Visitor: 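The structure under discussion is supplied below as structure tokens; questions concerning it will follow.
Computed from a predicted model, the values in this text were never measured in an experiment. Atoms within a ligand are numbered from 1 in the order they appear, just like the ligands themselves.
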Amino acid sequence: MSDSDSQFHSVQVGDSTFTVLKRYQQLRAIGSGAQGIVCSALDTVLGLPVAVKKLSRPFQNQTHAKRAYRELVLLKCVNHKNIIRLLNVFTPQKSLEEFQDLYLVMELMDASLCQVIHMDLDHERMSYLLYQILCGIRHLHSAGIIHRDLKPSNIVVKSDCTLKILDFGLARTACTNFMMTPYVVTRYYRAPEVILGMKYKENVDIWSVGCIMGEMVKGCVIFQGTDHIDQWNKVIEVLGTPSLEFMNRLMETVRNYVMNKPQYPGVHFEELFPDWAFPSDSEHDKLKTSQARDLLSKMLVIDPEKRVSVQEALSHPYIHVWYDPAEADANLSTKKLWTGRKETRTGLQKKRHQMQQ
Ligand code: AMP
């Protein structure tokens, strides 16, 4: 069958050919990530703009295959306003033997957080964006997914300040440093537990939120390490050498390395995030500034035992102004979704566990 007879049409997007259902028209490249290129398009059936992501040869190796499978299953399970919604999935190939490419159609947002993070954000916008990130990750946590790799490029926003998380982060046993693509992995937002290979819990994601908030305030990446090892140097130079009690929880080889570093006293948060870095037009702004700095000082804590939890961050005065249980209390909707799909919670958890191995 020729292309014109089929349900599909092909469009050249940069170096890549998008072969998509004919209902998707007006394709334009809007971004690229570790898995491939993303285009905006018009869904002529729904009359709505959408994002189309091409996963190029997702089964070329085990890492790609597991990541693609995990992303697809989780996108289908998760249902929350702060997590991107999957609208359609298709492949233009007609048999299993030919199967090469997978296209994910998602709701279209206006920009990634990378484009917004360095703008002059007022306290309302900044706290609302952070509130939505926290609601999104709380929902993921309630479904048993701990992200560990939240970063501005994986978060998208609309001009009305609504926000959605695009992906599900690192799989439990992901060999994330091994990828057969020239794509550079950004590690600036990864928590000490991840950098140092320690046990982690839900508040590993709070670290990343702290880094994102710090960047919103300062206008630059706060821990910009050149590599894995330098990432740790940047953290201790700013926050100071962690306690012996923390060091004792490290694996021996890592502990030896970490303990042989010079001792750093750390910088005061008033110095790190001075008043002038925040909006300060009114008395209200001044109050908000002190709340914002207080929240930063509770999120950017090296030791996860001393760092706030997601629930505590959602209850913090800087964030709590936005609190709506329907958005922040994520457990309910997940349970509803699962029963709605006639799958038991344990069944799904088992499936997720298998995927993450
Ligand atoms: P990803 O491959 O999911 O990491 O996406 C790569 C980039 O494409 C992101 O950083 C965004 O700039 C853009 N992008 C992905 N999905 C969307 C979407 N649904 N709406 C708008 N932009 C998107």
Visitor: Just to be sure I'm reading this right: ignoring hydrogens, which of Met109, Lys158, Lys164 gets closest to atom 21 (C) of ligand 1? Compare them by their nearest heavy atoms.
Guide: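 Considering heavy atoms of Met109, Lys158, Lys164, the nearest to atom 21 (C) of ligand 1 sits in Met109.
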Visitor: Is ligand 1 under 4.0 Å from a heavy atom in the side chain of Lys53, in the backbone, in both, or in neither?
Guide: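 Side chain only.
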Visitor: What do you reckon, are the aromatic ring centroids of Tyr103 and Phe18 less than 6.0 Å apart?
Guide: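 Yes.
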Visitor: By side chain to side chain donor-acceptor pair (under 3.5 Å), which residues pair with Lys218, not counting sequence neighbours?
Guide: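 Side chain to side chain donor-acceptor pair (under 3.5 Å) check on Lys218 returns nothing, list empty.
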Visitor: Hey, is Ser32 touching ligand 1 through its side chain, its backbone, both or neither, going by heavy atoms under 4.0 Å?
Guide: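 Within the 4.0 Å criterion, Ser32 contacts ligand 1 through backbone atoms alone.
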Visitor: Under 4.0 Å from any heavy atom of Ala51, which atoms of ligand 1 are there?
Guide: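 Counting from 1, the qualifying ligand atoms are 18 (C), 19 (N).
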Visitor: Could you work out, with side chain to side chain contact (heavy atoms under 4.5 Å, CB included) as the rule, every residue matching Leu46, not counting sequence neighbours?
Guide: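 In terms of side chain to side chain contact (heavy atoms under 4.5 Å, CB included), with neighbours along the sequence ignored, Leu46 is linked to Arg23, Asp43, Leu48.
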Visitor: Taking non-hydrogen atoms only, is Ile84 closer than 4.0 angstrom to ligand 1 via side chain, backbone, both or neither?
Guide: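 Side chain only.
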Visitor: Heavy-atom count around Lys81 NZ within 6.0 Å, excluding the residue itself: above 12?
Guide: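 Open: at most 12 neighbouring heavy atoms sit under 6.0 Å from NZ of Lys81.
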Visitor: If you measure every N or O of Ser153 against every N or O of ligand 1, does any of those distances drop under 3.5 Å?
Guide: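 Among all N and O atoms of Ser153, at least one is under 3.5 Å from an N or O of ligand 1.
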Visitor: Given Leu104, Leu55, Val156, which one has a non-hydrogen atom that is nearest to atom 23 (C) of ligand 1?
Guide: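 The residue whose heavy atom sits nearest atom 23 (C) of ligand 1 is Val156.
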Visitor: Please could you name the atoms of ligand 1 that Ser112 approaches to less than 4.0 Å, counting only its heavy atoms?
Guide: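 Here the atoms of ligand 1 in question are 10 (O), 11 (C), 12 (O).
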Visitor: For the residue pair Phe269 and Phe273, categorise the inter-ring angle as parallel (less than 30°), tilted (30 to 60°) or perpendicular (more than 60°).
Guide: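 Plane angle between 30° and 60°, so tilted.
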Visitor: Spell out, as yes or no, whether a donor-acceptor pair under 3.5 Å connects the side chain of His147 to the backbone of Leu150.
Guide: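 Side chain of His147 to backbone of Leu150: a pair is present.
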Visitor: Relative to the ring of Phe90, is the ring of Phe8 parallel (under 30°), tilted (30 to 60°) or perpendicular (over 60°)?
Guide: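 Tilted.
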Visitor: For Asn154, which part has a heavy atom under 4.0 Å from ligand 1: side chain, backbone, both, or neither?
Guide: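 Under 4.0 Å from ligand 1, Asn154 contributes side-chain atoms alone.
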Visitor: Output the list of atoms in ligand 1 that are nearer than 4.0 Å to some heavy atom of Ile30, sorted by atom number.
Guide: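 Counting from 1, the qualifying ligand atoms are 21 (C), 22 (N), 23 (C).
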Visitor: Answer yes or no for Arg148 and Tyr200: cation-pi contact, defined as NZ/CZ to six-membered ring centre under 6.0 Å and angle to ring axis within 45°.
Guide: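 Arg148 over Tyr200 ring: yes.
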Visitor: Look at atom 13 (C) of ligand 1 and find which of Ala111, Gly31, Pro49 reaches it with the closest heavy atom.
Guide: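 Among Ala111, Gly31, Pro49, the closest heavy atom to atom 13 (C) of ligand 1 comes from Gly31.
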Visitor: For ligand 1, find out whether one of its N or O atoms is nearer than 3.5 Å to an N or O atom of Leu108.
Guide: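 No, Leu108 has no N/O under 3.5 Å of an N/O on ligand 1.
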